[in-house]
Amino acid sequence: MSVLAAQKQDLAALIRSALEQLIARNELPQVSIPEITLEMPKDKAHGDLASNIALVLAKPVGMKPRDIADKIAAVVCAHPSVEKVEVAGPGFINFFFTKEWVYQVLEAVESQGVNYGSADYGKNERLLLEFVSANPVGPMNVVNARAAAVGDTLARILAAVGYDVATEYYVNDAGVQTEVFGRSLLARYRQLDDPSYPFPEDGYPGAYVVDLAQKLRNEVPGFDQMEETAQLEFCRQWGIDQMVEWQKNDLLGFNVRFDCWFREQELHRANALERIIAVLRERGYIYELDGALWFRSTEFGDDKDRVIVKSDGNYTYVTADIAYHYNKLQRGFTKLIDILGPDHHGYIGRMKAAVQALGYPEDTLEILILQYVALLRDGKPVKMSKRAGEFVTLEDLVTEVGRDAARYFFVMRSLDSHLDFDLTLAAQQSSENPVYYIQYAHARICSIMAQAEQQGVVVKPVADVAWQALTNELEIDLIKKMAELPEELLTAAKERAPHRIARYALDLASLFHSFYTHCHILGEEETIRDARLVLVNCVRTVLQKVLELMGISAPERM
RNA sequence: GCGCCUGUAGCUCAGGGGAUAGAGCAUCGGACUUCUAAUCCGAGUGCCGCAGGUUCGAAUCCUGCCAGGCGCGCCA
């Protein structure tokens with residue numbers, strides 16, 4: 001348990017026993033004691049932790065909150081980690097810690113290293129996080145990029161709080177679009193010799209298809225000898241494989257590596273669609289109407305029932321998706337999270353229904369909706385035409401603004417927020433970019449450490465250092481911030497809110513820069529110097545940790 | 001018509017029952033002979049979309065309305 005969590009637990013117990021005493025002494029009427037929560041006040045004049053219990057009790061007890069608070073404060077007796085207790089405002093009870101917790105926090109960071117802040121909250125849960133899953137018919141766009149950054153960061157966060165996390169990319173390699181793609185590629189191939197060869201009206205117009213056709217010519221010598229239908233099928237399969245490889249590389253360049261690239265074709269090969277229908281039928285959720293087969297998803301709260309097999313005998317995409325999610329569950333995952341775009345929110349009801357129809361609890365599947373990205377340049381929208389095949393790709397983005405900056409910009413907003421991504425701002429303003437601001441804090445510490453080493457100064461263990469000398473407000477603020485990480489990380493995980501980590505990192509860096517400007521280290525007398533070295537060394541560890549969580553590098557010099 | 005998301009400082013956004021609503025950018029004024037000035041310090045701004053309601057207490061929860069985005073297929 002983290003230092004702060006332990007402290008909260010202690011104080012809650014303390015308050016509870018105080019209340020019990022007061023009730024026993026008839027100073028307070030007989031009431032049931034509600035849950036006691038402690039929170040860190042925004043204003044440090046209000047102490048290190050505060051309780052609103054007196055305000056909550058005012059009504060049931062029938063007394064003024066301040067009077068209740070005064071009684072509690074009088075009874076809350078000495079606790080080794082509490083220096084003083086104050087009643088303030090409308091009736092808050094504010095606790096001020098003794099200096100001992102400074103040591104506790106530093107010691108925790110020192111001993112746990114980059115594991116500091118991690119937890120085992122999610123142990124026992126095998127979680128599969130699916131994200132991006134863009135169709136393999138074009139390059140990654142910025143919406144995919146946002147999903148990649150957010151998904152990858154969330155995966156890291158969930159892993160840090162103890163989930164057994166696997167990430168997965170679903171490759172839709174069996175749909176109609178892949179046929180269209182195959183035809184597009186073949187047409188481009190023909191056009192290499194005959195520029196007047198017609199291009200399919202619904203084809204993919206991007207220049208990358210032309211490049212791919214050229215590659216096909218260069219790398220597949222026997223292609224011309226194939227039958228037309230074989231060529232078409234080859235274009236589809238080979239083309240999709242090429243696209244997947246391309247997507248994989250783009251994502252690797254973005255520091256996103258998936259544990260599994262799952263092919264839809266695998267489901268078809270294994271007759272998974274037929275099997276899933278059989279399972280649903282057996283469980284009584286299938287019926288026939290108007291020549292089609294329906295899944296009774298309304299049984300589980302969906303707006304309407306869904307067609308599973310069309311009257312022409314073909315499956316709908318829902319069928320494959322249900323089969324896919326069943327497959328995930330069969331692989332032993334106990335928790336499934338999908339990150340989808342806002343155009344898919346209507347999909348939530350039917351998929352959650354499917355999971356329940358298959359006999360799993362409703363919350364086994366969780367679907368997160370990630371809002372779109374509006375790309376701006378100089379404050380104006382970047383015109384993108386999918387039809388003309390012109391859009392900014394993930395690759396462009398990494399080239400233009402850099403991997404770290406791009407990742408940070410995507411992660412710094414909540415999933416719900418419609419993100420305005422200004423390329424000019426992200427790239428041109430790179431010297432005052434939040435991400436560099438954070439990295440710079442790390443680099444500065446590394447620089448101090450390097451010089452310390454040159455001077456033959458080593459970082460001692462906290463226990464061997466006069467940590468009591470760390471009394472400066474800037475020092476205390478830094479330590480407090482570090483103390484918050486475990487709870488912040490847990491909240492980020494529980495709320496699926498990676499942007500909290502982005503903000504935390506910025507806050508910590510800001511406190512460090514302020515400290516750095518006002519407090520010197522190497523020039524100071526030995527006791528101060530050694531204590532501060534321990535402090536900044538811990539800050540470095542925590543910065544490394546949060547940057548790592550966001551998949552952003554922690555440079556030693558800039 | 002129904003569903004989901006959003007509306008907070010000039011701009012982009014945090015905060016999602018608690019004390020005086022915050023940050024970055026932009027604007028203005030200061031700070032480098034001293035561990036990296038990609039930094040720091042100071043200054044100003046808010047009917048928290050509108051109207052009701054719940055509560056000791058609402059930017060936060062509920063209802064209605066307004067505005068923007070996205071959905072509502074035997075398309076994927």
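The chains referred to below are lettered A, B, ... by the order of the sequence lines, with proteins before strands, and numbering in each begins at 1. Scope of the values below: all heavy atoms of this structure, side chains included, with no hydrogens, waters or symmetry mates.
The phosphate of A38(B) (OP1 or OP2) has no side-chain N or O of Arg444(A) nearer than 4.0 angstrom. Contact between the side-chain N/O atoms of Ser417(A) and the OP1/OP2 oxygens of A14(B) is found at a separation under 4.0 Å. Distances shown here put a side-chain N or O of Gln451(A) below 4.0 Å from the OP1 or OP2 atom of U36(B). For the pair Ser514(A) and U39(B), the criterion of a side-chain N or O lying under 4.0 Å from OP1 or OP2 is not met. OP1 or OP2 of A19(B) has at least one side-chain nitrogen or oxygen of Lys42(A) nearer than 4.0 Å. The side chain of Ser414(A) contributes an N or O atom lying less than 4.0 Å from OP1 or OP2 of A14(B). In this structure, Tyr437(A) reaches the C40(B) phosphate: one of its side-chain N or O atoms is under 4.0 Å from OP1 or OP2.
Summarising the geometry, the separation between CG on Asp302(A) and P on C4(B) is reported as 13 Å, rounded to the nearest angstrom. With rounding to whole Å, Arg500(A) atom CZ is found 18 Å from C13(B) atom P. Protein atom CE of Met558(A) is 13 Å distant from nucleotide atom P of A37(B), rounded to whole Å. With rounding to whole Å, Glu39(A) atom CD is found 11 Å from G17(B) atom P. Separating the CG atom of Leu49(A) from the C1' atom of G18(B) is a distance of 15 Å, rounded to the nearest angstrom. Atom P of nucleotide C11(B) and atom NE2 of His418(A) are separated by 17 Å, given to the nearest angstrom. We find that CG of Leu370(A) is positioned 13 Å from C1' of C70(B), with the value rounded to whole Å. The distance from atom CD1 of Ile53(A) to atom C1' of G18(B) is 13 Å, rounded to the nearest whole Å.
In this structure, Tyr372(A) forms no aromatic stack with the base of G69(B), since the conditions of centre separation below 5.5 Å and plane angle below 30° are not both met. By the stacking rule of 5.5 Å between ring centres and under 30° between planes, His520(A) stacks on the base of C35(B). Stacking of His499(A) onto the six-membered ring of A14(B) is not present when judged by under 5.5 angstrom between centres and under 30° between planes.
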Strictly under 3.5 Å: I want the nitrogen or oxygen pairs between protein and nucleotides 42-45 of chain B, one per line.
none

Restricting both atoms to N or O, compile the protein contacts to nucleotides 74-76 of chain B shorter than 3.5 Å, with distance only.
{"residue": "C74(B)", "atom": "OP2", "partner": "Lys304(A)", "partner atom": "NZ", "Å": "3.3"}
{"residue": "C74(B)", "atom": "O2", "partner": "Ser311(A)", "partner atom": "N", "Å": "2.9"}
{"residue": "C74(B)", "atom": "O2", "partner": "Ser311(A)", "partner atom": "OG", "Å": "2.8"}
{"residue": "C74(B)", "atom": "N3", "partner": "Ser311(A)", "partner atom": "OG", "Å": "3.2"}
{"residue": "C74(B)", "atom": "N4", "partner": "Asp290(A)", "partner atom": "O", "Å": "3.0"}
{"residue": "C75(B)", "atom": "OP2", "partner": "Lys310(A)", "partner atom": "NZ", "Å": "2.9"}
{"residue": "A76(B)", "atom": "OP2", "partner": "Tyr317(A)", "partner atom": "N", "Å": "3.3"}
{"residue": "A76(B)", "atom": "O3'", "partner": "Gln177(A)", "partner atom": "NE2", "Å": "2.9"}
{"residue": "A76(B)", "atom": "O2'", "partner": "Gln177(A)", "partner atom": "NE2", "Å": "2.6"}
{"residue": "A76(B)", "atom": "N6", "partner": "Tyr317(A)", "partner atom": "OH", "Å": "2.2"}

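Nearest nucleotide to the side chain of Thr517(A), out of U36(B), A14(B), U39(B): U39(B). Proximity note for Leu55(A) (side chain, C-beta onward) versus C5(B), U36(B), G18(B): the nearest is G18(B). Picking from U39(B), C35(B), U12(B) the nucleotide with the shortest atom distance to the side chain of Asp420(A) gives U12(B). Listed nucleotides A14(B), G18(B), C40(B) differ in distance to His513(A); the shortest reach to its side chain belongs to C40(B).
The only option from Leu11(A), Ile72(A), Leu38(A) that meets the side-chain contact (heavy atoms from CB on, under 4.5 Å) definition with Ile93(A) turns out to be Ile72(A).
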Open item on the list: Working note: Tyr317(A) + Glu264(A), criterion side-chain hydrogen bond (donor to acceptor under 3.5 Å, both in side chains); need CA distance, chi angles, decisive distance, verdict.
Closed with: CA-CA 11 Å; Tyr317(A) 74 96; Glu264(A) 182 183 350; over 6 Å; no
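Every residue was checked against the side-chain hydrogen bond (donor to acceptor under 3.5 Å, both in side chains) condition with Arg66(A), not counting sequence neighbours, and none meets it. Scanning for salt bridge (Lys or Arg N to Asp or Glu O under 4.0 Å) contacts around Lys460(A) gives Asp530(A), with sequence neighbours left out. Residues satisfying the salt bridge (Lys or Arg N to Asp or Glu O under 4.0 Å) test with Glu487(A), not counting sequence neighbours, are Lys8(A). Listed by chain and residue number, Glu475(A) satisfy the salt bridge (Lys or Arg N to Asp or Glu O under 4.0 Å) test with Arg532(A) (two or more places apart in sequence, or in another chain). For Phe300(A), the ring pair (Phe, Tyr, Trp, His ring centres under 6.0 Å) partners two or more places apart in sequence, or in a different chain, are Tyr285(A). Remark: Glu453(A) engages no residue in a side-chain hydrogen bond (donor to acceptor under 3.5 Å, both in side chains) (not counting sequence neighbours). Checked against salt bridge (Lys or Arg N to Asp or Glu O under 4.0 Å), Asp343(A) has no partners two or more places apart in sequence or in another chain.
Residue-level contact check: Ala374(A) touches neither bases nor backbone, having no heavy atom under 4.0 Å from any strand. Residue contacts for Cys446(A): at a heavy-atom cut-off of 4.0 Å it reaches no nucleic acid atom on any strand shown. Using a 4.0 Å heavy-atom criterion, one finds that Ala443(A) contacts the bases of the nucleic acid, with or without backbone contacts as well.
The closest side-chain donor-acceptor pair between Glu525(A) and Thr527(A) falls under 3.5 angstrom.
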Task: Bracket string, RNA chain B, 5' to 3' - pairs by Watson-Crick or G-U geometry under 3.5 Å, | interstrand - done: (((((((..((((....[...)))).(((((.......))))).....(((((..]....))))))))))))....
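When the nearest nucleotides of RNA chain B are assigned to Asp416(A) and Asp303(A) by heavy-atom distance, the more 5′-ward of the two goes with Asp416(A). Remark on RNA chain B: of its neighbouring residues Phe515(A) and Pro41(A), the 5'-side contact belongs to Pro41(A), judged by nearest-heavy-atom nucleotide.
One C1' atom belongs to G17(B), the other to C11(B), and the distance between them is 30 Å to the nearest Å. As rounded to the nearest Å, A21(B) and C13(B) have C1' atoms that lie 14 Å from one another. Comparing A37(B) with C66(B), their C1' atoms are spaced 48 Å from each other, to the whole Å. Atom P of A59(B) sits at a distance of 13 Å from the matching atom of A51(B), rounded to the whole Å. Atom name P, nucleotides G68(B) and C56(B): the rounded distance is 38 Å, in whole Å.
In this structure, Tyr347(A) and His344(A) have perpendicular ring planes: the angle between them is above 60°, well past the 30° mark.
Note that CG of Asn327(A) and OH of Tyr170(A) are 9.0 Å apart. Values are rounded to the nearest 0.5 Å.
Applying the side-chain hydrogen bond (donor to acceptor under 3.5 Å, both in side chains) rule to pairs touching residues 488-502 of chain A yields Glu366(A)-Arg496(A), Glu488(A)-Arg500(A), Glu495(A)-Arg500(A), sequence neighbours excluded. Applying the side-chain hydrogen bond (donor to acceptor under 3.5 Å, both in side chains) definition to pairs two or more places apart or across chains, those involving residues 412-423 of chain A are Asp422(A)-Thr424(A).
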